[in-house]
Amino acid sequence: MKILHLAASHRWTGVAEPAARLARAETQAGHDVLFAMTGGASFESNTRDLGVKVTSAVPFDRNWWPTTKLKNLRALKKQIVDFAPDIVHSHLTHDHVLASIVVRGMNEKLKLVRTFHRETAPRSDIFTRRMVMKHTAGALAVSSHLAQQIRDAFDWEAERLLVVGGVYDEHRFTPGSGERMRDQWGISENDVVLGIVSRIRIARGFRWLLDAAESALPTRPNVKLVICGRGNWQEEMEAEISSHPAREQIVYAG
């Protein structure tokens, strides 16, 4: 099977790694996989290092001037014609919209699918319903909650959606004893540690995390929450931690 992945991004963050690792797994399974992305930065180099074929022939310019969009659409259509995939797999809204326009009128066997990596379904407006989701054969969602949102928003049958939870590289991320870090953060060897390493943004679920911690941590005194990262919600998060009911169990590691 030939699979063309699309991601209108250049940074190795957000959807980049899970999308690239999916492409690598498909490549290792014997499929002919090509990943089209915004080139010249960490996304391209890291995906290439994983052994996945990449191309930056589609510019994915986010400028919405008509001439720019026509250039993007033509480049994407040429890439699809040249590679002749069985599946076009989009990972972000921008590339999904472009692909939904291009695949119409092409080979009926060509299927457009989308992975929704974030915990919010796309807007159910007329354009999204009629121009994008109508021409999307199926989708993957990172949680059953998100899958239900998509089904409700677009009246999709359950069989058009597949739930694929988050994964991690167990060989790379092997924590060992963590003794040095526990000492640094004042966490005893008997404490259970939960953690998040992420850019600190509302969209990454930090509001949900702190709300859940308020309910859960006081019931488990031996559980500690460690937060690692930086971002545009960092100052607000630090302020909330300072007055949080379970602040003695929360460590912001910086």
Side-chain angles (χ1 to χ4, degrees), residues 1-62 71-118 122 132-133 135-143 146-147 150 159-173:
M1 182 178 291
K2 301 186 74 173
I3 304 168
L4 175 64
H5 286 271
L6 308 176
S9 178
H10 63 281
R11 296 184 301 173
W12 188 247
T13 185
V15 309
E17 185 166 1
R21 290 191 179 278
L22 171 61
R24 182 182 70 168
E26 292 168 342
T27 300
Q28 292 173 338
H31 301 292
D32 188 359
V33 179
L34 178 64
F35 208 130
M37 64 189 66
T38 307
S42 54
F43 194 172
E44 181 180 18
S45 60
N46 280 292
T47 303
R48 197 186 303 277
D49 288 345
L50 288 174
V52 178
K53 291 189 298 182
V54 301
T55 177
S56 56
V58 184
F60 292 125
D61 191 324
R62 293 179 180 272
K71 179 181 178 181
N72 285 191
L73 290 167
R74 287 171 181 157
L76 179 56
K77 184 173 183 178
K78 183 178 187 304
Q79 185 65 75
I80 292 175
V81 170
D82 290 347
F83 186 59
D86 302 291
I87 293 174
V88 175
H89 190 150
S90 291
H91 292 273
L92 291 166
T93 299
H94 189 231
D95 49 81
H96 188 194
V97 171
L98 294 179
S100 68
I101 295 171
V102 170
V103 300
R104 288 182 295 164
M106 298 188 75
N107 186 342
E108 291 185 359
K109 295 181 179 179
L110 175 63
K111 301 299 181 185
L112 171 62
V113 301
R114 165 74 187 272
T115 292
F116 291 96
H117 294 270
R118 299 187 174 99
V132 180
M133 299 301 283
H135 300 283
T136 303
L140 286 75
V142 296
S143 72
L146 176 57
I150 297 169
E159 55 267 24
R160 291 178 69 181
L161 277 160
L162 180 66
V163 177
V164 179
V167 299
Y168 72 99
D169 186 336
E170 63 181 6
H171 299 293
R172 180 179 179 188
F173 295 102

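Heavy-atom basis, side chains included; hydrogens, waters and symmetry copies ignored.
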**Student:** Could you list the residues that satisfy salt bridge (Lys or Arg N to Asp or Glu O under 4.0 Å) with K2, not counting sequence neighbours?
**Tutor:** none
**Student:** Just jot down the ring pair (Phe, Tyr, Trp, His ring centres under 6.0 Å) partners of H135, sequence neighbours excluded, or say none.
**Tutor:** none
**Student:** Of all residues at least two apart in sequence or in a different chain, which pass the side-chain hydrogen bond (donor to acceptor under 3.5 Å, both in side chains) check with N46?
**Tutor:** none
**Student:** Rounded to the nearest 0.5 Å, what separation is found between the CG atom of L98 and the CG atom of L76?
**Tutor:** 6.5 Å
**Student:** Drop me the distance from S42's OG to E17's CD, to the nearest 0.5 angstrom.
**Tutor:** 11.0 Å
**Student:** I want to check something: taking the side chain as every heavy atom from C-beta on, are L34 and Q79 in contact at a cut-off of under 4.5 Å?
**Tutor:** yes
**Student:** Under a 4.5 Å cut-off applied to non-hydrogen side-chain atoms, are L22 and H89 in contact?
**Tutor:** yes
**Student:** Evaluate M37 against D95 for side-chain contact (heavy atoms from CB on, under 4.5 Å), listing each step before the verdict.
**Tutor:** CA-CA 9 Å; M37 64 189 66; D95 49 81; over 6 Å; no
**Student:** Is the closest side-chain heavy-atom distance between S90 and L6 below 4.5 Å?
**Tutor:** yes
**Student:** Apply the test side-chain contact (heavy atoms from CB on, under 4.5 Å) to residues L4 and I87: give CA-CA distance (whole Å), side-chain angles for both, the deciding distance (0.1 Å), then the verdict.
**Tutor:** CA-CA 6 Å; L4 175 64; I87 293 174; over 6 Å; no
**Student:** When you measure from the centre of the six-membered ring of F116, is the NZ or CZ of R118 under 6.0 Å away and within 45° of the axis?
**Tutor:** no
**Student:** For R21, does the CZ atom sit with more than 12 other heavy atoms under 6.0 Å from it, leaving out its own atoms?
**Tutor:** yes
**Student:** About how many Å separate CG of L50 and CD of Q28, when rounded to the nearest 0.5 Å?
**Tutor:** 9.0 Å
**Student:** List the steps, then state whether side-chain contact (heavy atoms from CB on, under 4.5 Å) holds for D32 with F83.
**Tutor:** CA-CA 10 Å; D32 188 359; F83 186 59; 3.9 Å; yes
**Student:** For residues 7-32, which residue pairs pass the ring pair (Phe, Tyr, Trp, His ring centres under 6.0 Å) check, not counting sequence neighbours?
**Tutor:** none
**Student:** Answer yes or no: is there a side-chain heavy-atom contact under 4.5 Å between V142 and V164?
**Tutor:** no
**Student:** Heavy-atom count check: over 12 atoms from other residues, nucleotides or ligands less than 6.0 Å from M106 CE?
**Tutor:** yes
**Student:** Given side-chain contact (heavy atoms from CB on, under 4.5 Å), test L92 with F60 step by step and report yes or no.
**Tutor:** CA-CA 11 Å; L92 291 166; F60 292 125; over 6 Å; no
**Student:** Can you establish whether the number of heavy atoms outside K53 located under 6.0 Å from its atom NZ is more than 12?
**Tutor:** yes
**Student:** Determine which pairs satisfy side chain to side chain donor-acceptor pair (under 3.5 Å) with at least one residue from residues 100-112, sequence neighbours left out, and list them in order.
**Tutor:** none
**Student:** So, using salt bridge (Lys or Arg N to Asp or Glu O under 4.0 Å) as the criterion, who are the partners of R11 when residues are at least two apart?
**Tutor:** none
**Student:** D61: what forms a salt bridge (Lys or Arg N to Asp or Glu O under 4.0 Å) with it, not counting sequence neighbours?
**Tutor:** none
**Student:** Can you see which heavy atom on A75 is nearest to which on V58, and at what distance?
**Tutor:** O-CG2, 3.8 Å
**Student:** Please name the pair of heavy atoms, one in A20 and one in T47, separated by the smallest distance, quoted to 0.1 Å.
**Tutor:** CB-OG1, 3.6 Å
**Student:** Who are the side-chain hydrogen bond (donor to acceptor under 3.5 Å, both in side chains) partners of T13, not counting sequence neighbours?
**Tutor:** none
**Student:** Can you name the residues that form a side-chain hydrogen bond (donor to acceptor under 3.5 Å, both in side chains) with T38, not counting sequence neighbours?
**Tutor:** none
**Student:** Which residues pass the side-chain hydrogen bond (donor to acceptor under 3.5 Å, both in side chains) test with K78, sequence neighbours left out?
**Tutor:** D82
**Student:** Just so I know, are the side chains of M133 and I150 near enough to count as touching, which here means a heavy-atom distance under 4.5 Å?
**Tutor:** yes
**Student:** May I have all residue pairs that pass salt bridge (Lys or Arg N to Asp or Glu O under 4.0 Å) and include part of residues 35-48, sequence neighbours excluded?
**Tutor:** E44-R48
**Student:** Quick one: do H96 and T136 satisfy side-chain hydrogen bond (donor to acceptor under 3.5 Å, both in side chains)? Show the steps, please.
**Tutor:** CA-CA 9 Å; H96 188 194; T136 303; 2.8 Å; yes
**Student:** Does anything in residues 34-59 form a ring pair (Phe, Tyr, Trp, His ring centres under 6.0 Å)? List the pairs, not counting sequence neighbours.
**Tutor:** H5-F35, F35-F43, F35-H91
**Student:** So, do L110 and V88 sit near enough that their side-chain heavy atoms are less than 4.5 Å apart?
**Tutor:** yes
